[in-house]
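Structure, as structure tokens:
Everything numeric in this text was worked out from a predicted model, so none of it was measured.
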Amino acid sequence: MTLKKSSRAGLFALAFGILMCLFLSVAHDVAYAQAPAAAPAAAPATPPAPPPACASDPDPKKAVLEKCTPNSGDTAWMLTSVALVLMMTIPGLGLFYAGMVRKKNVGDTVMTSFAVTCLVTIIYAVITYSLAFTPGSPFIGGTSRAFLQGILSDISTGIGTPNGLAVTIPESVYLCFQMTFAIITPALIAGAFAERMKFSAMLWFIGLWAILVYAPIAHWVWGSDGFMSNGNSDAWFKVLDFAGGTVVHINAGVAGLMCAICLGKRKDMGPPHNMVLTFIGASLLWVGWFGFNAGSAVTAGMQAGMAMTVTQIATAVAAFSWMLVEWAVRGKPTVIGICSGAVAGLVAITPASGFVGPAGAMAIGVAAGVLCYWGVTGLKRMIGVDDALDCFGVHAVGGIVGALLTGVFAIEQYGGTAGLMEGNPAQMINQVQGIVIVFVYDAIVSLILLKIIDAVIGLRVSDEVEREGLDLALHGEVVQ
Amino acid sequence: MTLKKSSRAGLFALAFGILMCLFLSVAHDVAYAQAPAAAPAAAPATPPAPPPACASDPDPKKAVLEKCTPNSGDTAWMLTSVALVLMMTIPGLGLFYAGMVRKKNVGDTVMTSFAVTCLVTIIYAVITYSLAFTPGSPFIGGTSRAFLQGILSDISTGIGTPNGLAVTIPESVYLCFQMTFAIITPALIAGAFAERMKFSAMLWFIGLWAILVYAPIAHWVWGSDGFMSNGNSDAWFKVLDFAGGTVVHINAGVAGLMCAICLGKRKDMGPPHNMVLTFIGASLLWVGWFGFNAGSAVTAGMQAGMAMTVTQIATAVAAFSWMLVEWAVRGKPTVIGICSGAVAGLVAITPASGFVGPAGAMAIGVAAGVLCYWGVTGLKRMIGVDDALDCFGVHAVGGIVGALLTGVFAIEQYGGTAGLMEGNPAQMINQVQGIVIVFVYDAIVSLILLKIIDAVIGLRVSDEVEREGLDLALHGEVVQ
Amino acid sequence: MTLKKSSRAGLFALAFGILMCLFLSVAHDVAYAQAPAAAPAAAPATPPAPPPACASDPDPKKAVLEKCTPNSGDTAWMLTSVALVLMMTIPGLGLFYAGMVRKKNVGDTVMTSFAVTCLVTIIYAVITYSLAFTPGSPFIGGTSRAFLQGILSDISTGIGTPNGLAVTIPESVYLCFQMTFAIITPALIAGAFAERMKFSAMLWFIGLWAILVYAPIAHWVWGSDGFMSNGNSDAWFKVLDFAGGTVVHINAGVAGLMCAICLGKRKDMGPPHNMVLTFIGASLLWVGWFGFNAGSAVTAGMQAGMAMTVTQIATAVAAFSWMLVEWAVRGKPTVIGICSGAVAGLVAITPASGFVGPAGAMAIGVAAGVLCYWGVTGLKRMIGVDDALDCFGVHAVGGIVGALLTGVFAIEQYGGTAGLMEGNPAQMINQVQGIVIVFVYDAIVSLILLKIIDAVIGLRVSDEVEREGLDLALHGEVVQ
Amino acid sequence: MKIVMAVIKPFKLDEVRDALTSIGVQGLTVTEVKGYGRQKGHTEIYRGAEYAVSFLPKIKIEVAVDTKQVDKVIGAITGAAKTGQIGDGKIFVFNLENAVRIRTGETDTAAL
Amino acid sequence: MKIVMAVIKPFKLDEVRDALTSIGVQGLTVTEVKGYGRQKGHTEIYRGAEYAVSFLPKIKIEVAVDTKQVDKVIGAITGAAKTGQIGDGKIFVFNLENAVRIRTGETDTAAL
Amino acid sequence: MKIVMAVIKPFKLDEVRDALTSIGVQGLTVTEVKGYGRQKGHTEIYRGAEYAVSFLPKIKIEVAVDTKQVDKVIGAITGAAKTGQIGDGKIFVFNLENAVRIRTGETDTAAL
Ligand SMILES: Nc1ncnc2c1ncn2[C@@H]1O[C@H](COP(=O)(O)OP(=O)(O)O)[C@@H](O)[C@H]1O
Ligand SMILES: Nc1ncnc2c1ncn2[C@@H]1O[C@H](COP(=O)(O)OP(=O)(O)O)[C@@H](O)[C@H]1O
Ligand SMILES: Nc1ncnc2c1ncn2[C@@H]1O[C@H](COP(=O)(O)OP(=O)(O)O)[C@@H](O)[C@H]1O
């Protein structure tokens, strides 16, 4: 039966493969073959204004005084995107993870997503937003928006955003949108430390990490004067990261790996207790991701539409690829598998979504599905760390795949930067530099934080608590 | 007790009935009595541009070069609608069905929705979109958008949609919106073959059906040159189907019936295992349906608002009617019942949502609630086929009720076409023709596909697998 | 262990407290210190047009003829808000409550939310909308929109809303938006009578309450000629209630208290059966609440953005405060606790969301978290009534906290009215008057309704039914 | 020693436990079971179909006691679990040859 | 009296119940259990990992019957529960010293 | 033959099963139960209220074995299930009069 199954899967894989090749050849050629002719028209068609991009504002300093004239359509879409991206974390991510833990830890798992949402919201309002998104140095932003000061009065005065990142929506909307990114990033880390980390230690780690790791990295990549920001004319090198492949996913994945290393293996493991919860979670992540990627256009125009299109394609292709590989290798396509594949695709297309076309999306999808499957199997065995729910295997691996392939498939006529396939290998170097720097900085700081917290209050629950289950022991609740 | 209950239900029914009649008399008269006076102003108020409608573009050929000038507000609403309609399928429909199967098949049920979403996305990008929505013949569209070629470059060049269907939003958004319809339609069929179809056979059937059945029918009814398209000035006859009563629901329902016939009865049956899942699913379907119906206005204006209003009314009335009938007949109002009634109402109002007013919506709601209840009881017993989750009884019956009543309650001043109640019996003929043609074509092609797949790899799992449960046997997973 | 835990919680509380103080001092000063300078620019930046606010229309009578010129961006956001707020009730609220009841009553609990949604939709279309939102007397609106008459024809004629509440969106969208508020309010009451009320009695009570209590109160506070309406120049006194702290939450909470009193205690109680459902519900409530609060700006501009910002802050702070208090007092932070805290914060910020800034939001969050925790513990013990899921303790208490603090933190430069902190104690009096009047009227009418229904058909199920569980006894269904 | 096994209505569990502890029983083991008997089941309705549910939820209690306590125990259970309606359940008594407390290795009545 | 306890495959429950009622058994108690035995379990796959699930879902039936009925009962169960494949299950017979119907206080066979 | 019935702490199940198979036991039946005894339960908190949960999750194991194996089996279970803390559980031994393997009809020890 297994045999028959895999052969059947093989059959699919074949059909599927051929399709994909066709797609790549046909669609991709066309995609940029026709483009050049249109070069001049490009700008007017879509002012490429992703969060990083800041064409409208060469000098961030000056921008502080820039007046914001909100466009109601852009604002409507961004308000919606905030709701969509928040939905990704609660309940989306919480359920995605909850379905994969044992029943005795399901409450702690969902509560982690919820508590992280609350904690990071507070910290973000206090300092993270200002450090990440106001002009300062190439390494860290300023404190002009600490405690969100000035936001309200600027509204009254009609003065808008302090930098040129989002000139057609109110700053209040832009900061909410970025807040949801700051929330989901640490929430993703939970996949690595699930089922054994102290709730209190978790809060301390996430809280500090949101200030010391997330804020600076977001500033480097997206800040109007970040040293690797695509939107900074004086950047040392420009990294393409449309919606957060590096800032969000590689970042979370690496921190997760550090958590898994410091915490050590779980005492006992078991299969996911409820794949229906994982299905709901993955579905809401997919739906919400439209706000994440298409929302990163910060306008309701052609770029948002295209970002949505490539997101849908890459996700579907990645989920399907993962399923087929799993089917061929293990003989059975699983719910957890196809859901994981979808998330892998969403992760990988994230940095690319404003820079590539349908063909690039398809290629990224296949790569994400196959390589992330390897990430949670082969690679995971190699590393030998108990990354409980594969935060590293899916988010770091998927994020790296996406960051690199963005450098490969970026289309100048569309996103403003040419990739390898358009004969610009230089961009690949930038992408690699970006990945390495973020990886190293994140790994070091996370490790230090974890060691300190471990020394002070301890990272891990007692064996007894772990055996009894975190729900009952830490929260005094059980699912009946 | 049952007696007391039903009598109580009777009481409700009475109150309710009276209310409805009042509603019909009062509101409906008013609705169109006042209209004529306003005729001239109508056009400016809302350019009636549902997907089919294409007034702005008599000649589809010419349209290929038409420039799209996106309106940010319309685009914002359509981007949102894409998210809403995708949410209908995953997790909405998946959960709606999952709650009604036995626990041993819940994973396979949700995975079907998820896998169909992935598979159809790919096929749609490869060929379905082009075949359905680019100009070609009255029977099938062209291949100019196969592999989505040209989409990207047209964005760069600022050239918009290849046809006049949606001139105020980017084509990329329009294609995503239509994609979500192409996804949910085959996903609905799963209700018929649940708990016994091979996962691999399902993939083959859905994949082929999306090309050979969905694409042509969508083109007939919505294509700018479809032979029954309301938007085609040269149509042989014009069918009113605002958001997909015929293309989506009758289409899915009939295919479902064919599946149920070919697969045969389930070995063992049991009550729904978890009505909470069904409640979540029905709720998300309802919420998402706003994107489905109001989104089909393809603009954020008065037509979208009215479509939303009538959708809400018809759904509430249908759910309540179903509940009352069930209460009176069986003595108990059930969660599954009221949820099914809501879906029935959503289905029936779908084709009408851009053409009728509140009174029409109310009438459609009552009809849908009562007739679909009959569809899953009396009619089902008559047919004697094991349509597991009543795909035919709800979607085909509801779709037909809606298609016919659209022809009855359509109001010229509002949607551009008069219905029977405004003295235009001709439209009824068109509606009937549309239903019959779609029914027959769909039934024949689906049957052929099923027979071929059955011959090649077999449609149905073994008795042992069916007894053990599809989750464990096909996917190696179980809900704990 | 408990000791260690609470001390740890203490630690948090400290850090947290300090943070909050800083926030209050820093941010708040800045917030309004800078404002005055900007006064003139205010208007152009955002025409502050929350449902109550009606600057554009001093005389409601005249408004009947006012033409509505929809703005596509505003309309897009409001269409989205309708979907978001409906999602709050189904599935949001249904799941929030479902997780807290015993497993044997989970079906009845979700069905209550669903049935209320259907019933209120019908009643609202028939009469509630007209009574609440058309001009009439200071106490109740007119019947010009009974059965939604004229809506459709006015669309055809391009004549818009009958009053000046929402001049940039079609009336159809405005009525749908307000409908979702009319739906969730009675649905909230279910928290009080859960697990023991007859389904039929529930329908009668909710149906009558939606006409006799909700409609007039909505008219008083939001009607263009309501006697306490902020938007009515001739109001006897103006109550600030941006999105429904008084109309929705105090209103529901008080009615809930009456239900709990009339029904009496449950025969047996038990812990919540599934906090994962409560987590999903609370999360969707949070996400949907963006439509509730930011949607209440009825425009997609700066006020919507700011409402979203303060909603997010207050909610996070309240959830976190509740968790810390619970942790300190009981030794364990619970899922139910943090979720309840989030809802408490959402409730309290609701009336304030268009009038206060980030600092006010923070203060409101802390107050809501702490006081609502007291509401479901100390206060609940004092009252000694079995308010099953704390409808009064969370919604009435939270609503009152919010209403009062709106009067404290309102900022003239921003929302148009100064609060206590800006030296306008008068507003506090208005707020108190509003609370008292609504409280008394609601309590009396609800009590009368309950007594009548009890006399006629009885409010409460038999002991046997209660013991067996409402799912099986009333609905013939059980969750497996 | 004997094992007294009783099948009772679920909502009677707490009363039965209290009755047993009040007569000095120190422990018992509870299992959720489904019972089939004279008490007829209910029907679940699902759209068109009706499903006869012939098995009803019951609670099974197992108590190991010293032989001379058996009658007291039976009395306690009967007293607490009785509603007088069909479906109240049964009590079964078996012989228990040996008992061991895992923690201490104690055997026989000492282990109870 | 005896108690006949059988461990069978879940999907055989209805057939077994019918077989028993057809020979006059008036009641029985059913428990969902997990079984370990010769029949090997399955593996659950989760991303990288495979989990061997050695316990299989089974149904335990307990029937109290008059001693002279025992063989009939064993026959009925065996007949209905048999598929011939490994994992069909076992039947165990114990001695039942006393039985009480809670509702009426009837004892011995009268209580069954 | 005897039936050895043990009530143990849930997380000890795998160890106990391994101990039993290592001494040649070929099968066993496991039931999730709730236990009440000296080991005191926990409290669940819900907003204002605290609920005392006096029943603790336990696992019940039933093993039918040849009489001469009983002591080995008791030893194996005790060894594997012991943590030394209150709540480790009990072992009960009954007499088993007959056993049948449904698949083959084999009886007595041959059926185990
Ligand atoms: N012969 C039997 N063997 C085992 N359990 C039985 C037997 N007869 C009844 N029971 C259990 O006792 C429960 C109550 O029995 P029932 O006949 O319904 O009512 P009563 O106890 O009032 O006679 C049944 O649900 C079943 O679980
Ligand atoms: N010695 C035993 N004691 C108690 N239960 C047993 C014993 N051996 C087997 N069982 C139960 O019988 C079921 C079937 O036994 P198994 O050996 O798998 O197949 P078969 O019954 O065909 O020999 C097991 O799953 C287990 O629940
Ligand atoms: N008299 C008894 N009859 C049946 N089961 C018992 C009895 N006493 C204890 N048990 C079971 O054994 C478990 C452990 O007993 P307990 O008194 O808590 O600890 P210990 O086994 O260390 O004495 C209980 O949870 C219960 O399931």
Side-chain angles (χ1 to χ4, degrees), chain B residues 8 12 19 22-23 26-27 30-32 34-35 37-38 41-42 44-46 71-74 76-77 80 84 103 273-276 279-280 283-284 286-287 290-291 294 299-302 304-306 308-309 312-313 316-317 319-320 323 332-336 338-339 342 357-358 411 413-414, chain C residues 70-77 79-80 82-83 86-87 90-91 94-95 98 106-107 110-111 114-115 117-122 125-126 146-159 169-173 175-176 179 199-200 203 277 280 300 457 471 474-480:
Chain B
R8 205 178 302 134
F12 277 114
L19 209 63
L22 263 170
F23 207 141
V26 181
V30 180
Y32 57 86
Q34 303 188 351
T46 18
N71 166 295
S72 67
D74 294 342
W77 170 235
T80 305
L84 286 171
K103 199 172 182 184
H273 89 287
N274 187 341
M275 63 273 192
V276 174
F279 160 77
I280 304 176
S283 302
L284 294 180
W286 190 336
V287 172
F290 285 150
T299 49
M302 289 202 169
M306 198 60 195
M308 185 174 269
T309 307
Q312 179 72 12
I313 292 171
V317 171
F320 214 71
M323 184 188 81
K332 283 177 180 171
T334 68
V335 178
I336 299 287
I338 197 169
C339 290
I411 293 171
Q413 301 303 345
Y414 167 48
Chain C
N71 166 297
S72 68
D74 294 343
T75 304
W77 170 234
L79 288 165
T80 305
V82 173
L86 180 63
M87 187 175 74
I90 52 168
L95 292 172
V106 64
V110 296
M111 187 164 180
F114 206 90
T117 301
C118 300
L119 178 61
V120 174
T121 296
I122 297 165
V126 171
F147 296 99
L148 300 186
Q149 57 189 292
I151 299 268
L152 184 62
S153 50
D154 285 2
I155 283 180
S156 330
T157 54
I159 292 170
I169 63 172
E171 182 183 4
S172 56
V173 177
L175 83 86
C176 283
M179 185 189 297
F199 187 72
S200 52
L203 289 175
L277 295 182
I280 304 175
I457 60 173
D471 290 5
L474 299 189
H475 308 291
E477 293 167 300
V478 278
V479 167
Q480 274 151 35

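With a 4.5 Å cut-off on non-hydrogen atoms, B/Ile336 touches chain C through its backbone and its side chain both. B/Met308 touches chain C through backbone and side chain together, each having a heavy atom under 4.5 Å away. Using a 4.5 Å cut-off between heavy atoms, C/Leu119 touches chain B through backbone and side chain atoms alike. With a threshold of 4.5 angstrom between heavy atoms, B/Asp74 approaches chain C through its backbone and through its side chain. Neither the backbone nor the side chain of C/Ala98 comes within contact range of chain B; no heavy atoms are under 4.5 Å apart. No part of C/Val120 comes within reach of chain B, as not one of its non-hydrogen atoms sits under 4.5 angstrom from that chain. Residue contact with chain C, scored on non-hydrogen atoms closer than 4.5 Å, involves the backbone and the side chain of B/Thr334 alike.
Taking the side chain as every heavy atom from C-beta outward, C/Pro70 and B/Met302 approach each other to under 4.5 Å. The closest side-chain heavy-atom distance from C/Leu95 to B/Val276 is below 4.5 Å. Side chains of C/Phe147 and B/Pro358 form no contact here, defined as non-hydrogen atoms less than 4.5 Å apart. Counting heavy atoms from C-beta on, the side chains of C/Cys118 and B/Met323 never come closer than 4.5 Å. Counting only heavy atoms from C-beta outward, the side chains of B/Phe279 and C/Val106 never approach each other to under 4.5 Å.
Annotation: maximal heavy-atom pairing with chain C below 4.5 Å, among B/Thr309, B/Val335, B/Asn274, occurs at B/Val335. Chain B forms the most heavy-atom pairs under 4.5 Å with one residue out of C/Leu175, C/Leu86, C/Leu277, C/Val173, and that residue is C/Leu86.
Counting all heavy atoms, side chain and backbone alike, C/Leu474 lies closest to B/Pro333 at O-CD, 3.6 Å. Considering all non-hydrogen atoms of both residues, B/Gly305 and C/Cys176 come closest at O-SG, 4.5 Å. The two residues B/Gly73 and C/Ser72 come nearest to each other via the heavy atoms CA-OG, 3.3 Å. Residues B/Ala319 and C/Phe114 share a closest heavy-atom pair of CB-CE2, 4.4 Å. When all heavy atoms are compared, the tightest approach of C/Gly476 to B/Lys332 is N-CD, 3.6 Å. Across all non-hydrogen atoms, the minimal contact from C/Ala125 to B/Ile313 is CB-CD1, 4.3 Å.
Note: B/Gln312 CD to C/Thr117 OG1 = 8.0 Å, rounded to the nearest 0.5 Å. Atom OG1 of B/Thr80 sits about 9.0 Å away from atom CG of C/Leu79, to the nearest 0.5 Å. Taken to the nearest 0.5 Å, the CD1 atom of C/Ile90 stands 12.0 Å off from the CD1 atom of B/Ile280.
A donor-acceptor contact shorter than 3.5 Å is absent between the side chain of C/Gln480 and the backbone of B/Lys103.
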